[in-house]
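A note on names: the letters A, B, ... follow the listed sequences, proteins ahead of strands, and every chain is numbered from 1.
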There are 2 protein chains.
Amino acid sequence: MANRAAKDALFDGFAEVAKALANGRRAELIDVLAQGERHVDDLATEIGQSVANTSFHLRALASVGLVHTRRDGTRIYYRLASDRVAALWAGLRSVAETHLEVLDDLAHAYLGDRSGLEQISRDELARRIDAGDVLVIDVRPTAEYTAGHIAGARSIPIDGLARRLRTLPTDVEIVAYCRGPYCVYADDAVRLLRRRGRQARRLTDGFPEWRTERRPIEHGVPA
Amino acid sequence: MANRAAKDALFDGFAEVAKALANGRRAELIDVLAQGERHVDDLATEIGQSVANTSFHLRALASVGLVHTRRDGTRIYYRLASDRVAALWAGLRSVAETHLEVLDDLAHAYLGDRSGLEQISRDELARRIDAGDVLVIDVRPTAEYTAGHIAGARSIPIDGLARRLRTLPTDVEIVAYCRGPYCVYADDAVRLLRRRGRQARRLTDGFPEWRTERRPIEHGVPA
DNA sequence: CGCCTCCTCAAGAGAACACTTGAACAGTCG
DNA sequence: CGACTGTTCAAGTGTTCTCTTGAGGAGGCG
């Protein structure tokens with residue numbers, strides 16, 4: 001090998017990027033940021049860590065260019081650097097799902113039993129939206145809805161779903177969606193709705209996948 | 001958060017896969033294995049490490065399911081678990097290329113000046129192969145050619161190119177390819193050929209990308 | 001201008017990682 | 001069956017990583 005040191009350094013560079021994803025808390029951050037930008041305090045609560053530690057992890061992500069920041073008043077908002085990062089995160093999940101044996105157990109421990117949980121694909125949901133015979137609810141936290149949501153979806157964060165049940169029409173099927181296939185919010189929503197006798201399914205994956213396919217989205221605060 | 005411990009464990013699971021890629025030597029192993037299966041001794045030479053250390057890294061990759069093994073005689077061959085792993089590796093490179101600032105410098109230090117190096121896309125190469133007015137040479141080590149190569153390509157490992165120059169026709173353009181965009185073999189081949197007055201270009205990327213697109217490939221030892 | 005909020009930095013403890021060396025193991029082939 | 005080859009394992013050392021605590025900015029708002 002003519003130039004071993006330079007080759008090693010180059011591949012160490014690629015490894016730096018992998019290293020940024022090689023921590024569960026940073027992976028959670030990426031997963032949340034794939035929904036849209038958020039500020040540090042918020043992210044700390046989201047991943048259940050101290051603000052200092054969250055800031056530290058965000059710096060680790062920023063130092064290899066995976067996230068960018070902007071300031072708004074006293075707050076600093078972080079966002080993914082590009083769709084490529086979201087795609088890399090999706091690829092990582094896909095590989096883990098396919099090849100990492102323990103992942104099934106881990107997923108089952110977190111998600112619980114999904115056998116009675118009916119799902120709907122992005123394609124079918126798009127058709128149903130066009131037909132107009134479906135109510136799409138976004139059960140993620142409000143901040144994520146504001147940062148971007150499926151066009152026409154209504155924001156009903158999972159915490160407020162039970163209370164707001166009576167405001168939902170009874171004559172159409174309800175489709176709930178959240179962050180992605182490993183997010184429990186939509187699961188919880190569908191289970192709750194079905195217990196109350198509603199016709200409900202969850203979108204198989206979540207908002208980032210919808211956006212990545214360039215399907216119609218909207219931004220802005222809930223009505 | 002209802003179930004913080006289970007969620008953390010799940011994301012630690014995803015992070016395990018990233019951790020497997022989070023080392024320069026393991027990244028080199030993935031890059032080589034994306035060409036096709038290889039045995040441990042061979043891989044150790046390829047990445048410039050001891051056999052023991054290489055075996056250790058391969059175990060790290062195997063423990064998260066990224067690589068599989070098979071035995072043939074006294075040798076054990078490692079291969080990527082699936083195309084998804086190759087795709088993840090490609091995604092990682094793409095993100096690093098786009099977002100990691102130092103990568104340009106690292107790449108330049110290893111690859112040298114590419115300004116005078118003419119490239120050809122996969123699409124165009126496919127058309128030229130159909131037209132039959134091009135000679136495609138595979139300048140990777142023989143083991144990689146044997147494990148799989150572009151249909152119709154001739155195996156001329158870079159070490160033997162100068163010696164075998166006279167066996168190449170002078171009336172067609174030559175296209176050299178190797179492992180991918182960060183591989184120097186094809187660069188060296190094109191530079192050598194052009195110094196000798198031949199018309200030569202390199203394929204922009206390499207064999208794995210060609211295979212991923214399901215373009216025609218062949219297996220087997222050089223003629 | 002000074003206080004306040006939000007975020008980052010620095011130091012430190014405990015755990016995990018990378019690579020080396022030398023020994024042990026597992027098949028295979030004569 | 002015994003020797004050999006190719007591979008893995010185990011122990012050890014120096015380095016890097018994670019998270020905590022408490023102090024130190026940066027910028028806005030009263």
Side-chain angles (χ1 to χ4, degrees), chain A residues 4-5 7-9 11-30 32-33 37-64 66-79 143, chain B residues 4-5 7-9 11-30 32-33 37-64 66-79 143:
Chain A
R4 172 53 62 187
K7 180 170 188 184
D8 284 2
F11 279 77
D12 283 348
F14 294 128
E16 280 301 306
V17 174
K19 211 171 282 183
L21 296 172
N23 172 277
R25 257 29 67 217
R26 288 198 292 271
E28 290 187 47
L29 286 171
I30 294 285
V32 174
L33 291 174
E37 64 171 15
R38 298 291 281 277
H39 58 83
V40 180
D41 216 30
D42 208 5
L43 289 166
T45 313
E46 196 66 66
I47 68 167
Q49 297 285 313
S50 70
V51 171
N53 197 29
T54 303
S55 173
F56 169 81
H57 282 308
L58 286 167
R59 265 188 74 74
L61 293 171
S63 75
V64 295
L66 295 189
V67 301
H68 291 163
T69 61
R70 76 175 175 91
R71 176 178 279 275
D72 179 26
T74 72
R75 292 216 148 102
I76 292 179
Y77 285 83
Y78 280 79
R79 65 179 185 280
Chain B
R4 173 53 62 187
K7 180 169 188 186
D8 283 1
F11 280 78
D12 284 347
F14 294 128
E16 280 302 305
V17 175
K19 212 171 281 183
L21 296 172
N23 173 276
R25 259 28 69 218
R26 287 198 293 270
E28 288 188 47
L29 286 170
I30 293 286
V32 174
L33 291 173
E37 65 172 15
R38 299 290 281 277
H39 57 85
V40 180
D41 219 29
D42 208 4
L43 289 166
T45 312
E46 196 66 67
I47 67 167
Q49 298 285 312
S50 69
V51 171
N53 197 28
T54 303
S55 173
F56 168 81
H57 283 309
L58 287 167
R59 267 188 73 75
L61 292 171
S63 75
V64 295
L66 295 189
V67 301
H68 292 162
T69 62
R70 78 176 173 88
R71 176 178 279 275
D72 178 27
T74 72
R75 293 217 149 102
I76 292 179
Y77 285 83
Y78 281 77
R79 65 179 184 281

Query raised in the report: Roughly how many Å is it from CZ in B/Phe11 to C1' in D/dT18, rounded to a whole number?
Result: 19 Å

**Report entry** Gap between atoms CZ and P, on B/Arg25 and D/dT15 respectively (whole Å)
**Finding:** 17 Å

Query raised in the report: Going by atom types only, do A/His57 and A/Arg25 share a side-chain donor-acceptor pair under 3.5 Å?
Result: no

Report summary line: Per nearest nucleotide of DNA chain D, the residue lying toward the 5' end, A/Glu16 or B/Val51, is B/Val51

Query raised in the report: Whole-Å distance between C/dC19 P and A/Arg4 CZ?
Result: 12 Å

Query raised in the report: For the pair made of CD in B/Gln49 and P in C/dT21, what is the distance, rounded to whole Å?
Result: 12 Å

**Report entry** From OG (A/Ser63) to NZ (A/Lys19), nearest 0.5 Å
**Finding:** 10.5 Å

Query raised in the report: Checking all strands, does B/Tyr78 fall into the base, sugar-phosphate, or nothing category for heavy-atom contacts under 4.0 angstrom?
Result: sugar-phosphate

Requested in this report: Have a look at B/Ser55 and say if it touches a base, only the backbone sugar-phosphate, or nothing, with a 4.0 Å heavy-atom cut-off.
Outcome: base

Requested in this report: Write down the distance between CG (A/Leu43) and C1' (C/dT8), rounded to a whole number of angstrom.
Outcome: 15 Å

Report task. With heavy atoms under 4.0 Å as the rule, sort B/Asp41 into base, sugar-phosphate or nothing. Result -> sugar-phosphate

Requested in this report: Return no unless some side-chain N or O of A/Arg75 is found under 4.0 Å from OP1 or OP2 of D/dG28.
Outcome: no

Report task. Grab the two heavy atoms, one from B/Arg4 and one from A/Gly48, that are nearest each other, plus how far apart they are. Result -> NH2-N, 3.6 Å

Report task. Consider the side chain of B/His39, meaning its heavy atoms from C-beta on, and name the nucleotide among C/dC19, D/dT7, C/dT5 that approaches it most closely. Result -> D/dT7

Query raised in the report: Among the nucleotides C/dC7, D/dT8, C/dC6, which one has an atom lying closest to any side-chain atom of B/Ala52?
Result: D/dT8

**Report entry** Side-chain touch B/Leu21/B/Arg26, heavy atoms, less than 4.5 angstrom
**Finding:** no

Query raised in the report: Between B/Asn53 and C/dA18, does any side-chain N or O lie under 4.0 Å from OP1 or OP2?
Result: no

Report summary line: From NZ of B/Lys19 across to P of D/dC17 the rounded distance in Å is 11 Å

**Report entry** Whole-Å gap separating C1' (C/dC9) and NE2 (A/His57)
**Finding:** 15 Å

Report task. Side-chain contact test, heavy atoms from C-beta onward, threshold under 4.5 Å: evaluate it for A/Asn23 versus B/Asp12 and give yes or no. Result -> no

Query raised in the report: So, is B/Asn23 close to the C/dC17 phosphate, meaning a side-chain N or O under 4.0 Å from OP1 or OP2?
Result: no

Report summary line: The residue, B/Arg71 or A/Arg59, whose nearest nucleotide of DNA chain C is more 5′ is A/Arg59

Query raised in the report: When you measure from the side chain of A/Arg26, which nucleotide among D/dT18, C/dA18, D/dT8 comes out closest?
Result: D/dT18

Report summary line: note: A/Tyr77, atom OH; C/dC7, atom P; distance rounded to Å ~ 8 Å

